[in-house]
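Have a look at the structure below, then the notes.
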Protein chains: 2
Amino acid sequence: MGNRSDEISKIVTRAIISKDLLPGCKLSEQTLADLFDVSRAVVRQALIRLSDDGLVTMERNKGAFVSRPSFREAVEIYDALTMLEQGVAAQLSGRLDARGWSELRQHVERQNKAVEDKNDELADQLGSGFHEVLVRLSRNTVVQQMHAQLIRRTALLRSLVSSRFDYCGLLHDHEVLVDLLEEGKVTEAQKLIATHHNDVVKGYLMDDTSQLEINAREALERYVSKQNAA
Amino acid sequence: MGNRSDEISKIVTRAIISKDLLPGCKLSEQTLADLFDVSRAVVRQALIRLSDDGLVTMERNKGAFVSRPSFREAVEIYDALTMLEQGVAAQLSGRLDARGWSELRQHVERQNKAVEDKNDELADQLGSGFHEVLVRLSRNTVVQQMHAQLIRRTALLRSLVSSRFDYCGLLHDHEVLVDLLEEGKVTEAQKLIATHHNDVVKGYLMDDTSQLEINAREALERYVSKQNAA
DNA sequence: AACATATAAATTGCATATCAATTTTAGATA
DNA sequence: TATCTAAAATTGATATGCAATTTATATGTT
């Protein structure tokens with residue numbers, strides 16, 4: 001609340017995560033200013049926030065673009081995620097209270113149900129959410145925020161890959177992980193986390209070739225409230 | 001290079017790390033604008049960058065202040081550092097090339113020499129630098145940047161603590177760590193990293209009481225090049 | 001038609017000036 | 001001394017202008 005530029009950066013973030021704004025898309029200051037009905041100054045502030053977050057890349061005198069991470073960067077991001085989650089796993093194992101374990105179990109159950117029901121979208125969402133819950137239970141907001149930022153950047157990666165992989169195995173990992181953690185098998189849990197993320201990256205086949213450049217105005221129009229139909 | 005606001009945020013960052021700007025210090029937009037001879041808009045952009053970095057806290061309608069992290073936050077930051085460095089340790093152990101090990105050894109040697117020479121300042125600096133080198137050798141820029149950000153925030157913490165602790169033990173840890181890593185004893189290395197950071201935090205006795213509020217102008221004046229003596 | 005080039009238009013980055021809303025300061029009052 | 005009040009300062013945001021640079025367009029040449 002409060003800051004206009006903060007709101008805007010969050011809206012653009014949502015649009016990127018939802019794949020409405022694709023990597024490489026130009027984010028013209030004037031276009032966004034018109035769209036959100038704010039001054040260019042505010043848009044600039046929003047773009048700076050987004051670029052600090054890694055979702056947007058600013059090039060001097062050329063403007064801001066939705067970031068197009070390289071495969072190398074993808075690997076680095078998942079390695080970073082692995083490190084954080086392994087650390088969280090070590091903290092959680094043994095030290096988590098009953099309510100915490102219950103929340104993890106419930107999440108996995110809901111996820112499994114979504115898989116059974118062939119509700120791919122929900123399963124996907126809950127699958128991502130599992131990692132978020134895991135980290136939240138560590139009760140470390142610093143780690144939580146870094147982790148959330150990395151997760152946002154993975155959305156950027158998913159916009160770049162063509163083929164999907166077998167989610168079933170990956171989703172099953174979550175259940176196994178909770179088992180391992182509750183049994184206090186930290187090392188094995190950490191190993192699972194590593195291979196889990198490794199599998200995700202291996203499923204990423206980036207095709208640098210195609211890049212249908214949808215313009216920002218079109219992509220963002222639906223995110224701005226109706227009354228601002230300038 | 002290029003962005004004026006980026007330059008300014010970096011200068012302010014240096015001032016904070018050097019303890020010239022202390023936690024709680026008000027960063028008035030007009031004051032900074034006059035000091036750096038830029039418009040308020042540019043200062044605002046710099047402050048946004050700094051707040052994204054966690055070094056500055058912005059309060060609506062009240063302004064920007066150098067962040068004053070709580071003890072809780074200190075613990076969280078060092079836990080986060082632990083996670084990243086443990087992850088890096090796991091990657092490095094066994095996989096690092098000869099040149100890498102040599103760099104670590106050389107760093108530790110220089111550090112030990114500084115301790116022998118009772119050159120506290122240099123030893124302190126090299127001690128911090130060790131962690132930086134360690135992470136750099138992982139060749140993961142994403143992790144490197146997150147780590148660097150956390151390190152910057154620890155500077156903020158050091159500004160808040162009164163008593164210093166025995167650095168000798170902590171600095172010796174670095175040498176032991178390299179030994180363990182080169183011998184492939186990952187688990188022990190990770191355990192050492194955890195206790196190392198734990199010891200640092202334990203040495204932090206925050207005194208929320210005293211807070212000599214030096215004004216930003218005075219603190220930053222020397223950072224601005226001489227010709228801008230407006 | 002393909003290519004190079006010169007010109008015009010658009011965009012970025014920054015400065016200045018202005019304004020309402022809010023906060024801070026200073027002063028007057030009890 | 002404490003409290004309330006009015007003035008000054010600060011923030012958040014807008015609008016406008018301008019130089020530097022980039023992008024697009026039109027022109028001319030091979």
Side-chain angles (χ1 to χ4, degrees), chain A residues 1-12 21 24-52 55-68 211 213-220 224-225 227-228 230, chain B residues 1-12 21 24-52 55-68 211 213-220 224-225 227-228 230:
Chain A
M1 4 168 138
N3 281 41
R4 206 79 190 78
S5 64
D6 208 24
E7 275 179 49
I8 291 174
S9 66
K10 275 174 183 141
I11 292 175
V12 174
L21 275 177
C25 183
K26 172 78 185 284
L27 299 172
S28 150
E29 295 186 2
Q30 194 58 58
T31 304
L32 297 200
D34 293 344
L35 201 62
F36 293 110
D37 197 33
V38 293
S39 66
R40 265 180 62 210
V42 171
V43 171
R44 261 183 104 61
Q45 292 166 21
L47 291 175
I48 286 175
R49 286 206 162 88
L50 289 163
S51 99
D52 279 348
L55 295 182
V56 158
T57 303
M58 297 179 85
E59 289 174 54
R60 165 130 190 133
N61 283 325
K62 290 182 123 196
F65 306 81
V66 178
S67 294
R68 201 203 303 255
Q211 206 50 240
E213 300 269 343
I214 295 174
N215 75 339
R217 164 146 231 142
E218 204 174 314
L220 282 171
V224 63
S225 53
Q227 72 266 21
N228 288 349
Chain B
M1 2 167 148
N3 282 43
R4 206 78 190 77
S5 64
D6 208 26
E7 274 180 50
I8 291 174
S9 67
K10 276 175 183 142
I11 292 175
V12 174
L21 275 177
C25 181
K26 172 78 184 286
L27 299 173
S28 149
E29 295 187 359
Q30 195 59 59
T31 304
L32 297 200
D34 293 344
L35 200 62
F36 293 111
D37 197 33
V38 293
S39 69
R40 263 181 65 210
V42 171
V43 170
R44 261 182 103 62
Q45 292 165 20
L47 291 174
I48 287 175
R49 287 206 160 87
L50 289 163
S51 98
D52 280 348
L55 296 182
V56 158
T57 303
M58 297 180 84
E59 288 172 54
R60 166 138 189 125
N61 282 325
K62 290 182 123 196
F65 306 81
V66 178
S67 294
R68 203 201 306 252
Q211 206 50 241
E213 300 269 343
I214 296 172
N215 75 339
R217 162 148 233 140
E218 206 174 314
L220 283 170
V224 62
S225 52
Q227 71 264 24
N228 289 351

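Heavy atoms only: backbone and side chains are in, while hydrogens, waters and symmetry mates are out. Letters A, B, ... mirror the listed sequences (proteins, then strands); counts begin at 1.
- Shown here are the side-chain hydrogen bond (donor to acceptor under 3.5 Å, both in side chains) partners of Ser39(B), two or more places apart in sequence or in another chain: there are none.
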Listed pairs, N/O of protein and of nucleotides 6-8 of chain C, under 3.5 Å:
none

Practice task
Please assess Glu7(B) against Arg4(B) for the test salt bridge (charged side-chain N to carboxylate O under 4.0 Å, His left out), listing each intermediate value before the final yes or no.
Solution key: CA-CA 5 Å; Glu7(B) 274 180 50; Arg4(B) 206 78 190 77; 3.1 Å; yes

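- Each of Leu47(A), Val43(A), Val42(A) was checked for a side chain to side chain contact (heavy atoms under 4.5 Å, CB included) with Ser5(A), and the lone residue meeting it is Val42(A).
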Handout entry: Where protein sits on nucleotides 12-17 of chain D, one letter per nucleotide: B base, S sugar-phosphate only, - none, heavy atoms under 4.0 Å
Key = BBB---

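- Between the CD atom of Gln30(A) and the P atom of dA9(C) there is a distance of 18 Å, rounded to whole Å.
- Atom pair Asn215(B):CG and dT10(D):P shows a separation of 12 Å (rounding to whole Å applied).
- Take Thr57(A) and apply the side-chain hydrogen bond (donor to acceptor under 3.5 Å, both in side chains) test, not counting sequence neighbours, and it matches Ser67(A).
- We find that CD1 of Ile8(B) is positioned 15 Å from P of dG13(C), with the value rounded to whole Å.
- The distance between atom CG of Leu32(B) and atom P of dT10(D), rounded to the nearest whole Å, is 12 Å.
- Put simply, CD1 on Ile48(B) and CG on Asn3(A) are 7.0 Å apart, with the number rounded to the nearest 0.5 Å.
- Shown here are the side-chain hydrogen bond (donor to acceptor under 3.5 Å, both in side chains) partners of Glu218(A), two or more places apart in sequence or in another chain: there are none.
- Going from atom CG of Asp34(A) over to atom CZ of Arg40(A) covers 11.0 Å, rounded to the nearest 0.5 Å.
- Here Arg44(A) pairs with Glu29(A), Gln45(B) under the side chain to side chain contact (heavy atoms under 4.5 Å, CB included) rule; sequence neighbours left out.
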